[in-house]
Amino acid sequence: MTTLSLCTILAALLYLLSGIAVVSYMKGRDGKAPSWLRWPIVAALVLHGVAIEAEVFQGDIIHFGFGFAVSAMFFFAALILFVESIIHRLHGQLGIILIAAAIGAVFPLAFPGRPVAGDEWSFMFRVHILLALAAYSLMTIATVHAVLMSLQNRELKRPQGKESAFLASMPGLVVMERIFFRIVACGFVCLTLVLVTGSFATNEVFGVFVNLDHKFLLTLIAWVLFGILLAGRAFRGWRAKTALNWFWVGFGALVIAYLAYSFVLEFAA
């Protein structure tokens, strides 16, 4: 086992244990997690970041593909929520993302990707990749948020149902909706920049700004759907089920646009 593989496995274990601990504390009577839990999360993020950077960039060779995309996506998602938890407090959503990150962190061990020459990745293409990872990370956080909102909405419809301590530790549904749309809006901005930088990167390689392949079309469809969702919220006051339905369709298109297709390519190879 290499040192970097060991870093990845240790990061996954720390993610898993920290995530389970956060969720367990959220289920408790107080619904609060102790601040010392941030330290194993920091250790996991450092180990995970070191492993990704060292495995992807190996001298003049770059290894990247489905596994590294998933791993990096969850790294940024965990990092974003961790920073947010410092500003406010540790919360259940971070615990869920940490558990998911434990699984995502080890994906490169099963899907190592294909090596490419470093000079094939221009500066614009690298910016494009970073923005894409940011967009996926934000939409992943929004996905967890959407699931929690659905559970909260279901709890409200139970006339004599006792709300779980975990859901009770979350902000109210109205506040959760506001946060959800802010996350989606940030993801939409990143997705817009993904399309713009992708066009310039495509022009560098093919001499055209738009290459009508599946990735561009599905990303564009996702961008349109998220745009309609935000417009519906702003002008029609969309909430709950209607908003979530548009989000699920948009997120599905976004996942298929890269992750699902990349998985098929590597599995077929």
Side-chain angles (χ1 to χ4, degrees), residues 23 26 31 70 73-74 76-81 83-85 87-89 91-101 104 131-159 161 163-196 215-260:
V23 172
M26 290 298 106
V70 172
M73 177 184 73
F74 279 109
F76 283 113
L79 179 62
I80 291 169
L81 280 183
V83 172
E84 190 271 339
S85 76
I87 299 173
H88 298 288
R89 65 182 177 88
H91 49 79
Q93 188 178 9
L94 174 60
I96 296 173
I97 287 292
L98 289 174
I99 294 173
L131 287 169
L133 290 173
Y136 272 102
S137 301
L138 287 165
M139 291 308 180
T140 299
I141 295 172
T143 299
V144 176
H145 213 85
V147 172
L148 293 174
M149 286 168 54
S150 297
L151 293 175
Q152 284 183 313
N153 191 50
R154 185 181 301 175
E155 289 286 338
L156 289 175
K157 293 180 180 179
R158 294 180 181 177
E163 187 178 21
S164 69
F166 182 78
L167 292 178
S169 69
M170 298 289 173
L173 186 57
V174 174
V175 177
M176 289 284 283
E177 283 185 349
R178 291 174 184 169
I179 298 172
F180 170 74
F181 280 103
R182 289 172 187 166
I183 297 170
V184 173
C186 291
F188 180 75
V189 171
C190 287
L191 200 56
T192 303
L193 295 174
V194 165
L195 291 171
V196 173
K215 192 179 299 183
F216 172 79
L217 292 175
L218 285 170
T219 304
L220 182 62
I221 290 172
W223 180 80
V224 171
L225 291 170
F226 288 133
I228 293 173
L229 168 60
L230 293 173
R233 169 69 172 183
F235 299 107
R236 301 293 298 274
W238 284 356
R239 298 185 61 191
K241 188 175 180 179
T242 301
L244 292 179
N245 286 341
W246 280 96
F247 173 78
W248 291 127
V249 177
F251 185 72
L254 194 61
V255 168
I256 296 172
Y258 181 78
L259 293 181

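Since this is a predicted model, take the numbers as computed values, not measurements.
Met73 and Ser137 get closest at one heavy-atom pair: O-OG, 2.9 Å. Here the closest heavy-atom approach between residue Ala253 and residue Ile221 is recorded as CB-CG2, 4.4 Å. Across every non-hydrogen atom of Leu138 and Cys190, the tightest pair is CD1-SG, 3.9 Å.
Listed by chain and number, the residues in a side-chain contact (heavy atoms from CB on, under 4.5 Å) with Leu217 are Leu212 (sequence neighbours excluded). Contacts of Phe76 classified as ring pair (Phe, Tyr, Trp, His ring centres under 6.0 Å), with partners at least two apart in sequence or in another chain: none. Under the rule for a ring pair (Phe, Tyr, Trp, His ring centres under 6.0 Å), Phe74 has no partner lying at least two apart in sequence or in another chain. Taking Thr192 as the reference, Trp223 meet the side chain to side chain donor-acceptor pair (under 3.5 Å) condition, with sequence neighbours excluded. Annotation: ring pair (Phe, Tyr, Trp, His ring centres under 6.0 Å) contacts of Phe247 (sequence neighbours excluded): Phe180, Phe226, Phe251.
From Thr143, atom OG1 reaches atom CG of Leu244 across 10.5 Å, with rounding to the nearest 0.5 Å. A distance of 15.0 Å separates CG in Leu220 from NZ in Lys215, rounded to the nearest 0.5 Å. Taking CD1 of Ile141 as the reference point, atom CG of Leu81 lies at 4.0 Å (rounded to 0.5 Å). Note that CD of Glu84 is 8.0 Å distant from CD1 of Ile183, once rounded to the nearest 0.5 Å. Residue Ile80 holds its CD1 atom at 12.0 Å from CG of Leu94, rounded to the nearest 0.5 Å. In this structure, Leu173 CG and Ser150 OG are separated by 9.5 Å, a value rounded to the nearest 0.5 Å.
No donor-acceptor pair closer than 3.5 Å links the side chain of Asn153 to the backbone N or O of Met149. Within the 3.5 Å criterion, the main-chain N or O of Ser85 finds no donor-acceptor partner in the side chain of His91.
Residue pairs that meet the salt bridge (Lys or Arg N to Asp or Glu O under 4.0 Å) test with at least one member in residues 166-181, sequence neighbours left out, are Glu177-Arg233, Glu177-Arg239.
With a 4.5 Å cut-off on side-chain heavy atoms, Leu148 and Ile96 count as touching. The closest side-chain heavy-atom distance from Val70 to Tyr136 is not below 4.5 Å. Between Leu254 and Leu225, every side-chain heavy-atom pair lies at or beyond the 4.5 Å cut-off.
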| message | Could you go through Phe181 and Leu229, starting from their C-alpha distance and side-chain angles, then the distance that decides it, and tell me whether this counts as side chain to side chain contact (heavy atoms under 4.5 Å, CB included)? | response | CA-CA 9 Å; Phe181 280 103; Leu229 168 60; 3.8 Å; yes
| When you look at Thr140 and Ile97, which way does the side chain to side chain contact (heavy atoms under 4.5 Å, CB included) test go after all the steps? | CA-CA 9 Å; Thr140 299; Ile97 287 292; 4.2 Å; yes
